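Fair warning: this is a prediction, and the values are worked out from it, not measured in the lab.
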Amino acid sequence: MKKIIVILAALVSFAVVASAQPRALGVRAGYGAELSYQHTLGAENFLEVDAGWWQNGLSVAAAYDFSVAPVGPFGFYAGPAAHMVLVNGEESSDLGLGVGAQLGLEYIFPFPLQISLDWRPMFNLIPSTGFGWNSIALGLRYAF
């Protein structure tokens with residue numbers, strides 16, 4: 001458990017001190033609840049790091065998203081993603097790892113607020129293999 005907390009703290013710290021480019025901080029809620037951080041890379045691509053609660057455990061997910069078709073205040077994005085989950089069972093704890101993608105649509109308001117709806121399907125690699133479809137979430141972030 002201590003290792004997971006250290007990894008979460010390191011990921012969030014890295015994201016916060018990466019550089020002084022546009023970024024956003026907020027929440028992403030769906031099947032679970034996550035603290036979400038976005039950091040713009042280059043012209044319109046961004047890195048998203050999310051940490052939160054998933055089923056009966058903790059999760060950390062990251063996605064590198066490419067802006068696919070910006071139309072005014074709307075932005076469509078897609079990119080590769082990965083996640084790590086620590087699930088606390090009745091008898092033991094399991095570490096899960098998976099890779100997948102993130103597809104989404106966001107609306108950027110004229111003031112520093114953005115709302116998004118995205119889907120993050122994952123192929124779980126450990127502790128067992130399988131495909132997860134249920135990761136649709138609504139995000140609300142403050143841009144700074």
Side-chain angles (χ1 to χ4, degrees), residues 1-88 93-144:
M1 183 67 174
K2 290 180 183 178
K3 290 180 184 179
I4 299 300
I5 292 172
V6 170
I7 291 170
L8 285 172
L11 286 173
V12 171
S13 298
F14 173 77
V16 170
V17 299
S19 70
Q21 295 185 24
R23 50 204 176 271
L25 181 66
V27 294
R28 183 177 179 271
Y31 193 61
E34 299 173 328
L35 179 63
S36 180
Y37 175 79
Q38 287 182 346
H39 188 85
T40 302
L41 302 170
E44 296 177 352
N45 302 336
F46 61 91
L47 174 68
E48 181 176 333
V49 178
D50 302 319
W53 298 268
W54 181 81
Q55 289 183 345
N56 55 342
L58 299 173
S59 71
V60 175
Y64 184 83
D65 291 315
F66 302 94
S67 181
V68 177
V71 179
F74 288 97
F76 297 94
Y77 54 89
H83 76 171
M84 179 175 69
V85 180
L86 179 64
V87 179
N88 294 320
S93 294
D94 289 327
L95 176 67
L97 296 174
V99 294
Q102 179 166 289
L103 308 167
L105 167 69
E106 71 180 352
Y107 180 80
I108 301 171
F109 291 96
F111 44 92
L113 186 67
Q114 56 183 244
I115 188 167
S116 65
L117 180 64
D118 59 45
W119 176 47
R120 192 183 296 151
M122 288 287 182
F123 182 75
N124 298 310
L125 303 171
I126 61 172
S128 61
T129 59
F131 196 74
W133 294 86
N134 59 351
S135 195
I136 295 174
L138 182 66
L140 186 63
R141 295 177 193 86
Y142 171 75
F144 57 98

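Contact check for Pro70 versus Glu44: side-chain heavy atoms found under the 4.5 Å cut-off. Contact annotation: the side chain of Arg120 approaches that of Arg28 to within less than 4.5 Å [non-hydrogen atoms, C-beta and beyond]. Side-chain contact between Pro121 and Phe131 is present, with at least one heavy-atom pair separated by less than 4.5 Å. Using a 4.5 Å cut-off on side-chain heavy atoms (C-beta onward), Leu105 and Phe76 make contact. Tyr37 places a side-chain heavy atom less than 4.5 Å from the side chain of Leu25.
Within the model, atoms CG of Leu58 and CG of Leu95 stand 11.0 Å from one another, a figure rounded to the nearest 0.5 Å. In this structure, Gln38 CD and Tyr142 OH are separated by 14.5 Å, a value rounded to the nearest 0.5 Å.
Contact record, Ser59 with Glu34: OG-OE2, 3.7 Å, taken as the closest heavy-atom pair. The heavy-atom pair separating Ala78 from Leu103 by the smallest distance is CB-CD2, 3.5 Å. The two residues Ile136 and Leu117 make their nearest non-hydrogen contact at CG2-CD1, 4.1 Å. The minimum heavy-atom distance linking Gly96 with Pro127 is given by the pair CA-CD, 3.8 Å.
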| message | Quick one, Phe123 with Thr129, criterion side chain to side chain contact (heavy atoms under 4.5 Å, CB included). Give me CA distance, side-chain angles, the key distance, then yes/no. | response | CA-CA 7 Å; Phe123 182 75; Thr129 59; 4.1 Å; yes

| query | Given the rule in the side chain to side chain donor-acceptor pair (under 3.5 Å) test, do Asn124 and His83 qualify, once you have shown the distances and angles that lead to the verdict? | reply | CA-CA 9 Å; Asn124 298 310; His83 76 171; 3.0 Å; yes

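Atom CZ of Phe66 has more than 12 neighbouring heavy atoms from other residues, nucleotides or ligands inside a 6.0 Å radius.
By the side chain to side chain contact (heavy atoms under 4.5 Å, CB included) test, Tyr107 is found to be paired with Pro73, Phe74, Phe109, Ile115, residues two or more places apart in sequence or in another chain being considered. For Ser116, the side chain to side chain contact (heavy atoms under 4.5 Å, CB included) test picks out Tyr77, Glu106, Asp118, Arg141, with sequence neighbours left out.
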